Student: 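After the C-alpha cells below, expect a handful of questions from me.
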Amino acid sequence: MHQICILNKLKQPTYKAALKQVETWFAVNEWTAFPFQKKCWHAVLAQKNGMLNAPTGSGKTLSLFLPVLIKYLSEVYAGTYKKPKAQQR
C-alpha cells in the first residue's frame with residue numbers, strides 16, 4: 001500500500017490542494033472515488049449539511065470522514081485552527 005502526504009506546506013487552509021492529493025492517494029492505491037464521495041467532500045468543505053444514504057460497503061465513511069480530516073489538518077498546519085470551547089451544562 002502506497003502512502004502520500006495529504007498536505008503540502010500551506011500558508012492558509014486550502015482545501016482544493018488537499019482534495020487533489022486525496023484523489024492522487026486514491027489513484028496510487030488503484031482506487032476510484034465514487035461521484036457521490038467527491039460531491040460529499042466538496043459539500044462538507046463548503047460547510048453544507050445534509051444526509052447521505054448509500055448501501056453498506058459503498059464508501060460512506062470515506063465520503064464523510066476525509067473532508068473533516070482535511071479541514072482539521074489544513075487548519076492545524078496553517079496555524080488557523082481554533083480549539084472548540086468545552087460546552088457548559
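Here the structure is a predicted model, which means the values were calculated and not measured. All values below come from the heavy atoms of this structure, side chains included, with hydrogens, waters and symmetry mates left out.
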Student: By side-chain contact (heavy atoms from CB on, under 4.5 Å), which residues pair with Y81, not counting sequence neighbours?
Tutor: Y72, E75, V76, K83, P84
Student: Between side-chain atoms of residues 37-51 and protein atoms elsewhere (two or more places apart, or another chain), which donor-acceptor pairs fall under 3.5 Å?
Tutor:
residue: Q37; atom: OE1; partner: F34; partner atom: N; Å: 2.8
residue: Q37; atom: NE2; partner: G59; partner atom: O; Å: 3.0
residue: W41; atom: NE1; partner: L62; partner atom: O; Å: 3.1

Student: Atom OG of S58 and atom CG of L52: how far apart are they, to the nearest 0.5 Å?
Tutor: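 Between atom OG of S58 and atom CG of L52 there are 7.0 Å.
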Student: Quick one: which of N29, V28, T24, V22 gives a side-chain contact (heavy atoms from CB on, under 4.5 Å) with F26?
Tutor: V22
Student: Hey, does the side chain of K60 reach the backbone of N53 with a donor-acceptor pair shorter than 3.5 angstrom?
Tutor: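 Looks like no, no N/O pair under 3.5 Å.
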Student: Just verifying a value: how many Å separate L66 CG and L73 CG, rounded to the nearest 0.5 Å?
Tutor: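 It comes to 10.5 Å.
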Student: With sequence neighbours excluded, tell me which residues meet side-chain contact (heavy atoms from CB on, under 4.5 Å) with K16.
Tutor: T14
Student: Same cluster for L19 and L64 if Ile/Leu/Val/Met/Phe/Trp/Tyr side chains link at under 4.5 Å?
Tutor: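 No, no single cluster joins them.
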